[in-house]
Amino acid sequence: MDPDAPSLFEPDESSRPLADRMRPTSLDDVVGQDHLLAADAPIGRMVAERRLVSMILWGPPGCGKTTIARLLADATDLVFAPLSATFSGVGDLRKVFAAAARRREAGQGTLLFVDEVHRFNRAQQDSFLPYVEDGTITLVGATTENPSFELNGALLSRCQVYVLRRLDETALSTLIERAEALAGARLEISGDARDSLIAMADGDGRYLLNMLEQLFALHRPIDTAALAEVVQKRAPQYDKAQEGHYNLISALHKSMRGSDPDAALYWLARMLDGGEDPLYLARRVVRFATEDVGMADPQAVQQALAAWDVYERLGSPEGELAIAQAVVYVATAPKSIAVYRGFGEAQKLARRTGSLTPPAHILNAPTRLMKDLGYGEGYQYDPDTETGFSGADYFPEGMERPKLYRPTRNGYEQVIGQKIAEWEAIRARKHDEQR
């Protein structure tokens, strides 16, 4: 039998998944990553010079990391050697390195593409170092996780990190148009359904193409109702223990700090939609109330604690409304970090001054010896004074009186500031009288 004869069982082109058939054949066809691939962009310049450095491609799913790596190898005449960190171990790495070394001796370079490179442990990551350093391989690692957290410093120092963007509406629309061109027919889809389709993809080109493949198979007009029947919304790109978690909680915290209740509610909803534990969010609102609102509105912490309590009593989804109410309350409350800053200064002062003894007049004297030593002598009971304030000094004797709590003019702290100013005047007057 002629080995070059076509197989009777060879699949035709149409049997390949749409995402595979639409895989770009040149870097110019890649959508949404012009900030890296354009002629004047970092990777584009390297390709023009046919000089690649080892790199880490960091970006969300479906943004083109694998495709870019394959095209980089083609554009620079390197052998493309793919490897998945999920299914590979030390033995697989040794084989890849040995093969790359043989190619190098023959004058052929190797682009080693490692998908999900963050899944390799520290020892496995260290094994790349000598081969990257001596040029045996050009490493292109792909990861959806923050390399700063997931890759060791030695490997990062030998690689450039490039951030790929989630595909925007323009890029996703381009993919739809290309899919229609490949199919030779326009998708019969309403404008609203098309917008919903793009929103469902949530920046993931591969997911969009998989949905399009299902829609092309319907051979009928598609509105939003029909779209909902065929495809389900993808899970949000959110990992409760990784980068997405820290990015979104930072966005929520800073939106509340910036007195933007609309943005705060949006980020709260995003985190809840991503599966975040509502009790974690309730705890963060309590922290915010004490740290960022503080004495500018002493009721803020009570509102936050009440929301926590309501959620524990009602659970989801009813209890989430209480958390939303607390978020709006603290976002719109006056802000002050005077207590936060003052306590921090007090902690530094306490560590610096060591074990200074409190002044004798505020020490209890339960024994005669302690009374004879002057404990409690001259103590004034403030509530029993004419103004309710004695003006006594409660810092250790001989210690210069520091100013730790500096109230702002925001909210209730303006009233507190006025009280403290009055007390300071009384204390200064009594100090002058005692001279």
Legend entry - Partner residues of Asp40 under the salt bridge (Lys or Arg N to Asp or Glu O under 4.0 Å) criterion, sequence neighbours left out: none
Distance, nearest 0.5 Å, that separates [atom1] of [X] from [atom2] of [Y]:
X      : Y      : atom1 : atom2 : value
Leu111 : Leu78  : CG    : CG    : 5.5 Å
Leu265 : Leu252 : CG    : CG    : 9.0 Å
Asp195 : Ser190 : CG    : OG    : 8.5 Å
Gln303 : Leu305 : CD    : CG    : 10.0 Å
Met200 : Leu208 : CE    : CG    : 11.5 Å
Glu145 : Glu116 : CD    : CD    : 8.0 Å

Inset, instruction - Determine the interplanar angle of the Phe113 and Phe80 rings, folded into 0 to 90°, and report it as parallel if under 30°, tilted if 30 to 60°, perpendicular if over 60°. - result: parallel
Legend entry - Trp423 and Phe389 aromatic ring geometry - parallel, tilted or perpendicular at 30°/60° bounds: parallel
Legend entry - Option among Asp29, Val31, Ile68 that satisfies the side chain to side chain contact (heavy atoms under 4.5 Å, CB included) test with Leu37: Ile68
Is it the case that the side chains of [Y] and [X] hold a donor-acceptor pair, with the cut-off being a distance below 3.5 Å and no angle test?
X      : Y      : value
Ser148 : Asn146 : yes
Arg50  : Thr76  : no
Asp28  : Ser26  : no
Gln302 : Tyr329 : no
Tyr266 : Ser255 : no

Legend entry - Shortest non-hydrogen contact between Gly205 and Leu175, atoms and distance: CA-CD1, 3.8 Å
Inset, instruction - Compare every heavy atom of Val47 with every heavy atom of Ala75, then report the nearest pair and how far apart it is. - result: CB-CG1, 3.8 Å
Quick one, [X] and [Y] - any side-chain contact, counting heavy atoms below 4.5 Å?
X      : Y      : value
Leu281 : Glu320 : no
Asp292 : Val330 : no
Leu227 : Asp192 : no
Thr332 : Ser259 : no

Inset, instruction - Check whether more than 12 heavy atoms from other residues, nucleotides or ligands sit under 6.0 Å from atom CZ of Arg409, and answer yes or no. - result: no
Inset, instruction - Answer yes or no: does atom CD of Gln325 have more than 12 heavy-atom neighbours from other residues, nucleotides or ligands under 6.0 Å? - result: no
Legend entry - ring-ring contact (aromatic ring centres under 6.0 Å, His included) evaluation trace for Tyr405 with Phe343: CA-CA 8 Å; Tyr405 175 51; Phe343 183 54; over 10 Å; no
Legend entry - Trace of the side-chain contact (heavy atoms from CB on, under 4.5 Å) decision for His35 with Gln33: CA-CA 5 Å; His35 65 294; Gln33 310 302 337; 3.0 Å; yes
Legend entry - Electrostatic pair Arg427:Asp393 at N-O distance under 4.0 angstrom: no
Legend entry - Test: Glu188 and Arg220 ion pair at under 4.0 Å: no
Legend entry - Contacts of type side chain to side chain donor-acceptor pair (under 3.5 Å), residue Tyr162, not counting sequence neighbours: none
Inset, instruction - Tell me, with the steps shown, if Tyr340 and Thr290 meet side chain to side chain donor-acceptor pair (under 3.5 Å). - result: CA-CA 8 Å; Tyr340 178 81; Thr290 57; over 6 Å; no
Inset, instruction - Check the pair Met22 / Arg206 against side-chain contact (heavy atoms from CB on, under 4.5 Å), numbers first and verdict last. - result: CA-CA 10 Å; Met22 286 190 57; Arg206 181 171 49 244; over 6 Å; no
Inset, instruction - Walk me through it: do Trp308 and Glu312 pass the test side-chain contact (heavy atoms from CB on, under 4.5 Å)? - result: CA-CA 6 Å; Trp308 187 343; Glu312 287 194 321; 3.4 Å; yes
Legend entry - side-chain contact (heavy atoms from CB on, under 4.5 Å) assessment of Asn121 paired with Gln125: CA-CA 6 Å; Asn121 61 36; Gln125 290 180 32; over 6 Å; no
Legend entry - Flag, side chain of Lys65 to backbone of Gly59, donor-acceptor distance under 3.5 Å: yes
